[in-house]
Visitor: 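The following block contains the structure, expressed as structure tokens.
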Amino acid sequence: MQEFKPLNEISEIEAVYELEFLAKKMAELDNAYYQDDAPIADDAEYDAYKKRNQDLEDKFPHLIRDDSPNKKIGAKAKDGFGKVTHKVPMLSLGNIFDEEGLDDFIAKIRRFLNYDGELSFVAEPKIDGLSFAAIYENGMFVRGATRGDGSVGEDITENLKQIKDLPLKLNTPNPPKLVEIRGEVYMDKRDFIELNTRHEKEGKKIFANPRNAAAGSLRQLDAKITAERNLKLFAYTWGDVSNPEWASQAAFLKVIKSWGFPVSNLVKTCSSASDIMANYNQIYQNRSEISYDIDGVVYKVNDLALQQRLGFVSRSPRWAIAHKFPAEQAQTKLNKIRIQVGRTGALTPVADLEPVNVGGVMVSHATLHNEDEITRKDVREGDWVVVQRAGDVIPQIVEVILEKRLAESKPFLFPDTCPVCGSVAIKEEDEAVKRCTGGLTCPAQAVERLKHFVSRDAFDIEGLGDKNIETFFNEGLITNPVDIFTFEARDKEIPLEVDLFSRSEHVRLANREGWGLKSANKLFEAINSRRIVALDRFIYALGIRQIGQATSRLLAKHYLSLEALQSAMAEATKVDSSAYQDLINIESVGGAVAKDLIAFFAEMHNQEILEKLHKEIKIEDFEIVEVGDNPLNGKTIVFTGGLETMTRNEAKARALAKGAKVAGSVSKNTDYVVEGSDAGSKAEKAKELGLVVISESDFLKLV
Ligand code: IVH
């Protein structure tokens, strides 16, 4: 391989020739590698060419060729993981923190099932790692994935193969045709300390805790690195499966143990709340003896038939809960109370703290929630306070240490105006928070809305983090969602700078401090890859007050397209319209939520943005999930009167699971009215309208 001339000695004309040479050379190597599967250079040589090309392009950005090796797709595949769509979504768990939470969890289950017989639970340690899914076809491991956003994860097949704990072949003579085993990849505490010690010596990345180390080791494009890290795993549940041969969680764990999966030996079956608490206390007290980090205990209803009846609410099962270990606490000084302005104008006080280590994590800020909270706790600048953090939640201030308060300290005065735009801040009736009244003119609200727009559960644009959004906003480059999608085109109109003296007012992103061609292109690619978006994500991204992910999904499911939603909202401005009735009939949409929704779509500025966005992106209509060939799919059902074999909530959940919509009142759009005992006016109205009225047992046949 040839020697390259030092970069600082290269003239422009030499660079032109060299870039041409590199483009040809790398095309040749790529072809051999990707097309012929017969590499003609080793990795080191390939990387050297690649780096040289990059160096030259960075130095002479105006010389970048249309056929630059940097723009090739062949190489791109190596840039990231492939995506895997989870057939069965990977959901999360609700949390409880004490015995009261536990009693509540059990009571809700009993109420939902209308059942007071025996209930047994499997208690499992909550492994603090990274969840995985491993698919086996006819007993052979074929594909592995991370959880991702729950619907789509990353393909980590090669990485999972490196973990010795994972059976590549199931230890059974008759494996199911298909089974997806899920669990947690983790790193032992000992291995974590060893890895960090080694990394410190070598000047490499130090991980904050075993969980981060496990995540960083598993999500490696180069699976060889995963292999070096001694990762372990436990299996605890399943996803897609052709024919489950187990009838309980305990039986499932037994089966997979025999197949060769590691199952934690801390698993225990409990049959009462007191059993559960005794087991919890024992695990909690002995947790320092356990070789891996756990952050709580998970309880699962043992009987699968009951699990199925209980189903899910939003993103978590009703049949399982995580009992989290109590928060870790520490004392520190509160330096300042800062007021942040959120996306919806809420003024949120934040405590700037003297950094302190709380249970292994450095904490320098804590939330103070709102004005009342400051008054109630009488928190003042300069106070010593007790801070705590539990799991991933934002650190909180528990109390002030009054003995350490200085004589000259004064109560904190909450501002009456927005600290960012100066508009008056007011408290609405029944609200604890003060809000800036600046609306669309308040820059803080605009920035927060943008951050929300690109966040993980919304447009999920990698590379547009909080810092970048703030910078681009302050410089006027991105001031509304449309600007994100026109950014590249506007950027390309600015000439690339060749020498520093020609520096114009407008500078190409690639010429900005901290940016280069590569990172700029990467950002534009990330933006472009999000020009097609699912309707529910889009609604959520709009950041309408009170419209979270769950409500966004319900709205998408109800209206199916943005056009339909928009026109319904326009009609619903009249409270006596059927569009308004239809809207408030949607589960979780009450009068207040409806008001915010309608107001959002009525606002001229928002309409303009939506219209412009339409030119830049494609919003996919909502597709009703394939729940097979069943008569309830897409139908609207109304329940009326008392049911005998199940509670109203269970009936609703079962209808939803079959793809049906459940409405609160009858209208001409209702497909079925399920009439229970003592059905009242709804049943009468249904008959008047000539709707299909069915009995509870008819309904059971349909589901
Ligand atoms: S069951 C439908 N069991 O905790 C729920 N999860 O907050 C399926 N986790 O994403 C999860 N140990 O990554 C389950 N024994 C255990 C677990 C466990 C750790 C993690 C898992 C999940 C998260 C939920």
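Start at 1 and go down the list; that is how both ligands and their atoms are numbered. Counting begins at 1 with the first residue of the sequence.
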Visitor: Is the ring pair Trp238/Trp246 parallel, tilted or perpendicular, if the boundaries are 30 and 60 degrees?
Guide: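 Perpendicular, since the angle between the ring planes exceeds 60°.
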Visitor: Using a 4.0 Å cutoff against the non-hydrogen atoms of Pro317, which atoms of ligand 1 qualify?
Guide: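 Under 4.0 Å from Pro317, ligand 1 has these atoms: 2 (C).
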Visitor: Once you measure the plane-to-plane angle for Tyr186 and Tyr292, does it fall in the parallel (<30°), tilted (30-60°) or perpendicular (>60°) bin?
Guide: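 Judged by the thresholds at 30° and 60°, the geometry between Tyr186 and Tyr292 is tilted.
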Visitor: Distance under 4.0 Å to a non-hydrogen atom of Pro125: what atoms of ligand 1 satisfy this?
Guide: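 In order of numbering, the contacting atoms are 12 (N), 15 (N).
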Visitor: Could you tell me which atoms of ligand 1, counted from 1 in the order shown, lie closer than 4.0 angstrom to a heavy atom of Leu93?
Guide: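 What qualifies from ligand 1 is 5 (C), 6 (N), 7 (O), 24 (C).
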Visitor: Should the pair Phe538 and Phe459 be assigned to parallel (<30°), tilted (30 to 60°) or perpendicular (>60°) ring geometry?
Guide: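 Ring orientation, 0 to 90° scale: perpendicular.
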Visitor: For atom 13 (O) of ligand 1, what is the closest protein heavy atom, and at what distance to 0.1 Å?
Guide: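 Among all protein heavy atoms, the one nearest atom 13 (O) of ligand 1 is Glu184 OE1, 2.8 Å.
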Visitor: Tell me which protein heavy atom sits closest to atom 12 (N) of ligand 1, plus the residue, atom name and distance to 0.1 Å.
Guide: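 Checked against all protein heavy atoms, atom 12 (N) of ligand 1 sits closest to Ile127 N, 3.1 Å.
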Visitor: Please identify which atoms of ligand 1 are closer than 4.0 Å to at least one heavy atom of Glu124.
Guide: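 With Glu124 as reference, the close atoms of ligand 1 come out as 3 (N), 15 (N), 16 (C).
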Visitor: Among all protein non-hydrogen atoms, which one is nearest to atom 17 (C) of ligand 1, and what is the separation to 0.1 Å?
Guide: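 Looking at atom 17 (C) of ligand 1, the protein heavy atom closest to it is Tyr236 CE2, 3.4 Å.
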Visitor: What protein heavy atom is closest to atom 23 (C) of ligand 1, reported as residue, atom name and distance in Å?
Guide: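 The closest heavy atom on the protein side is Lys126 NZ, 4.0 Å.
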Visitor: Within less than 4.0 angstrom of ligand 1, does Met90 place any heavy atom?
Guide: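 The answer is no: ligand 1 sits nowhere under 4.0 Å from a heavy atom of Met90.
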Visitor: Counting the benzene-type ring for Trp, do Tyr136 and Phe261 have ring centres under 6.0 Å apart?
Guide: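 Yes, close enough.
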Visitor: Under 3.5 Å between any N/O of Lys300 and any N/O of ligand 1: does that happen in this structure?
Guide: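 So ligand 1 has an N or O lying under 3.5 Å from an N or O of Lys300.
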Visitor: By the salt bridge (Lys or Arg N to Asp or Glu O under 4.0 Å) test, which pairs, at least two apart or in different chains, include something from residues 228-237?
Guide: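 Found Asp188-Lys232.
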Visitor: Inspect the contact between Glu194 and Arg198 and indicate whether a charged nitrogen and a carboxylate oxygen are less than 4.0 angstrom apart.
Guide: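 Not counted as a salt bridge, because no side-chain N and carboxylate O are separated by less than 4.0 Å.
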Visitor: Check whether any side-chain N or O of Arg318 sits under 3.5 Å from a backbone N or O of Val313 as a donor-acceptor pair, and report yes or no.
Guide: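 No, the answer is negative, given that no donor and acceptor are paired below the 3.5 Å cut-off.
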